[in-house]
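These notes concern the structure reproduced below.
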Amino acid sequence: MNGATANLESFTPKPSKAVPLWLGILAVVLVALFFETQHPQPGGDNFFIHTNDGGTGAEVVIDGKKMGVVRGAQGVEMPGGGFWAHLPRGRHVVQVSKAGDKPVSKEINMRTEEYMGVDLNGARD
């Protein structure tokens with residue numbers, strides 16, 4: 001036997017670290033995606049109220065807490081006003097009111113996104 005043959009016979013390849021490394025990376029990515037899809041971004045709007053033209057300026061109360069007012073829907077291809085908010089999952093009571101109109105109240109079950117249309121002109125005191 002010469003020296004080159006002896007070196008080849010005693011050669012033992014190192015076990016590859018690629019498979020465990022890629023499995024670890026895959027696991028981290030899957031866990032990150034899971035948590036990203038389970039918790040909506042705070043401040044990401046998932047609730048929208050659309051009103052007729054007379055609804056602009058109406059007060060929006062959700063679960064007894066004043067959340068804001070209906071604004072003009074500029075930049076949106078629909079007339080009237082709009083209100084956007086982020087609500088957690090579950091049941092919520094939404095009330096929209098404006099002086100001179102009867103308040104409109106509705107219970108919603110928030111899952112992912114919800115829309116509520118309100119016609120305040122038709123609800124005169």
Donor-acceptor pairs under 3.5 angstrom involving side-chain atoms of residues 16-28: please list them, not counting sequence neighbours.
{"residue": "S16", "atom": "OG", "partner": "A18", "partner atom": "N", "Å": "3.1"}

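When all heavy atoms of M110 and E114 are compared, the pair lying nearest together is SD-CB, 3.6 Å. Of all non-hydrogen atoms in H92 and G90, the two that sit nearest each other are CD2-O, 3.3 Å.
Put simply, NE2 on H50 and CE on M116 are 13.0 Å apart, with the number rounded to the nearest 0.5 Å. In this structure, CH2 on W84 lies 14.0 Å from CG on N46, to the nearest 0.5 angstrom. Here K66 contributes atom NZ and E59 contributes atom CD; the two are 4.5 Å apart, rounded to the nearest 0.5 Å. Taking CZ from F48 and OH from Y115, the interatomic distance works out to 6.5 Å, rounded to the nearest 0.5 Å.
For the pair F83/M67, a side-chain contact is recorded, criterion being any heavy-atom separation below 4.5 Å from C-beta on. Residues V60 and V70 form a side-chain contact, since some pair of their non-hydrogen atoms from C-beta on lies under 4.5 Å apart.
Listed by chain and residue number, N109 satisfy the side-chain contact (heavy atoms from CB on, under 4.5 Å) test with R111 (two or more places apart in sequence, or in another chain). Applying the salt bridge (charged side-chain N to carboxylate O under 4.0 Å, His left out) rule to E113 yields no partners; only residues at least two apart in sequence or on another chain are considered.
Under the 4.5 Å side-chain contact rule for hydrophobic residues, V104 and I108 share a cluster.
Evaluated for a side chain to side chain contact (heavy atoms under 4.5 Å, CB included) with I62, the options L87, V93, V96 yield exactly one hit, L87.
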